Amino acid sequence: MSVVTDSPAYSSSIDDFIAFLDAALDANSPNASSDKEDGNQDEFESVRIKRRKFESIEETEGSASEGTKERNLEASLEVDVCTHPASFELADSFETMCIHCGQKQKLDGKSGVKFGYIHKGLRLKEEEISRLRDKDTKNLLLQKKLTLVLDLDHTLLNSTDLVHLRSEEFDLLPQTDSLEDVSKGSLFKLEHMRMMTKLRPFVRTFLKEANEIFDMYIYTMGDQPYALEMAKLLDPQAEYFYEKVISRDDGTQKDKKGLDVVLVEKSAILILDDTEHAWKEEDKENLILMERYHFFPSSCQQFGLNCKSLAELKSDEDETDGPLSKILKVLKQVHCTFFDKLQDDLVGPDVRKVVRSEVLNGCVIVFSRILHGALPTLRKMAEQMGATCVTELEPSVTHVVATDTGTEKSRWAVKENKFLVHPRWIKAANYFWQKQPEENFFLKKKK
């Protein structure tokens with residue numbers, strides 16, 4: 001399959017699903033318009049008939065004996081067993097109702113995965129999830145786009161509760177920007193949430209340019225009201241995220257984020273987040289770590305940092321050469337490399353392997369006096385980025401990674417004119433998905 005340059009504008013499965021659900025719900029409403037298109041009218045009329053059928057059973061149940069109720073329900077299920085792939089959770093109930101036929105079922109392990117951020121109570125079965133992921137991924141690749149899942153706190157912005165403001169921060173209060181047109185501001189006091197939020201410098205340019213090559217989601221461990229409020233600040237015109245705002249309430253595991261609630265194949269997803277352990281182990285290969293944004297003192301305290309925040313220093317990150325600007329260049333390079341490799345073939349490419357495995361390609365690394373607990377992690381990290389790790393000194397070695405210049409291997413590196421670098425060199429390459437200049441990580445003799 002070849003990339004079609006004049007293909008129609010990309011529409012995600014989420015967009016399609018919302019349109020379908022809204023139409024289906026409208027069709028089931030007593031105020032529904034009678035001038036529907038012929039093709040949809042038959043389908044929606046079928047939905048109404050089946051739902052009325054089930055509702056009539058419920059009405060009968062209200063006056064029937066227990067035995068009659070069970071016989072009526074069993075007879076209905078025998079006649080019309082639901083095999084449709086999507087349903088809604090019913091409020092104050094342990095049941096779901098099919099969005100196609102209206103049939104109710106018990107809420108159990110067979111009810112599928114919850115996608116509440118798409119539509120409240122929506123559940124999709126595995127076969128439907130697979131179908132939508134396959135469709136969305138192919139459409140994305142045809143548009144030469146990948147998916148980018150973005151964290152909020154410490155990645156795109158920094159928030160603090162008003163009660164946590166220190167006396168030296170009170171002068172920020174008069175500097176807050178108007179909520180009437182948030183697109184012109186970066187520091188906001190959200191009185192109704194009793195908090196203050198600072199958008200990271202360059203974030204609006206970042207989102208605008210990233211949107212050209214990525215389909216973007218927000219995924220935060222904050223609750224849904226907070227997630228939606230932050231999305232409004234970042235995307236007031238709903239150009240970038242639309243309904244793709246995922247909160248901790250939407251995950252399948254309470255204390256971890258997971259790509260199982262994203263309707264795209266993992267092979268076409270990148271994650272940008274400041275915290276690795278927030279993600280399920282199986283999704284960390286998609287992760288690009290982001291330097292944390294600590295504008296408020298409470299943010300530094302949260303991570304146990306004994307330093308002043310940017311607000312206390314009356315400073316901020318550089319707008320044009322700060323972390324977001326740098327990471328945007330990395331994302332663009334990843335996108336470019338992926339589609340250069342893809343060329344005209346849309347079968348089998350994987351952004352995790354195509355790009356990351358080339359970062360340290362050609363590097364032969366030997367480790368010297370690295371803490372036992374840290375060594376396996378560093379070795380795995382280096383090998384995932386394409387490096388070869390050996391245990392003994394040999395002519396092919398290009399880098400000695402150490403924390404002490406006095407070891408035999410370190411002295412050999414200096415004598416043989418090899419790179420002698422700190423372990424941070426590997427971490428930085430993994431952090432940015434790019435090989436970093438060795439001179440920034442040279443190991444120097446202690447005085």
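Just so it is clear, the structure is predicted and the values come from calculations on it, not from any experiment.
Checked for salt-bridge contact, Lys280 and Asp260 meet the test: a charged N lies under 4.0 Å from a carboxylate O. Electrostatic pairing of Arg411 and Glu408 does not count as a salt bridge here, judged by no charged N lying under 4.0 Å from a carboxylate O. Between Asp151 and Lys257 there is a salt bridge, with a side-chain nitrogen of the basic residue lying less than 4.0 Å from a carboxylate oxygen of the acidic one. Between Asp177 and Lys189 no salt bridge is recorded (no basic side-chain N to carboxylate O distance below 4.0 Å). Salt-bridge check for Glu209 with Lys332: passed, with a basic side-chain N closer than 4.0 Å to an acidic carboxylate O. Ion pair Asp181/Lys184 flagged as a salt bridge, since at least one NZ, NE, NH1 or NH2 atom sits closer than 4.0 Å to an Asp/Glu carboxylate oxygen. Remark: Arg200 engages Glu317 in a salt bridge, criterion side-chain N to carboxylate O under 4.0 Å.
Note: His119 and Phe115 fail the aromatic proximity criterion, with ring centroids not under 6.0 Å apart.
Within 6.0 Å of atom CD in Glu394, more than 12 heavy atoms from other residues, nucleotides or ligands are found, so the atom counts as buried in its surroundings. Counting heavy atoms of neighbouring residues, nucleotides and ligands inside a 6.0 Å radius, atom CZ of Arg166 exceeds 12 of them. Applying the 6.0 Å contact sphere to NZ of Lys284 captures more than 12 heavy atoms from other residues, nucleotides or ligands.
No side-chain donor-acceptor contact under 3.5 Å links Asn158 to the backbone of Lys198. The backbone N or O of Leu287 lies less than 3.5 Å from a partner atom in the side chain of Trp433, making a donor-acceptor pair. A side-chain donor-acceptor contact under 3.5 Å links Ser130 to the backbone of Glu126. His399 contributes no side-chain N or O that, together with a main-chain N or O of Val401, makes up a donor-acceptor pair within less than 3.5 Å.
Looking at heavy atoms from C-beta onward, Gln436 lies out of side-chain contact with Glu438 at the 4.5 angstrom threshold. Side-chain contact between Arg248 and Lys254 is absent, with no heavy-atom pair separated by less than 4.5 Å.
Here the options are Lys144, Lys244, Lys145, the test is salt bridge (Lys or Arg N to Asp or Glu O under 4.0 Å), and the partner is Asp215; only Lys244 passes.
For the residue pair Ser178/Glu180, the side-chain donor-acceptor check at 3.5 Å is not satisfied. If you check the side chains of Ser247 and Thr220, you find no donor sitting under 3.5 Å from an acceptor. Side-chain contact check for Ser299 and Tyr293: no donor-acceptor pair (N or O, by modelled atom type) lies under 3.5 Å.
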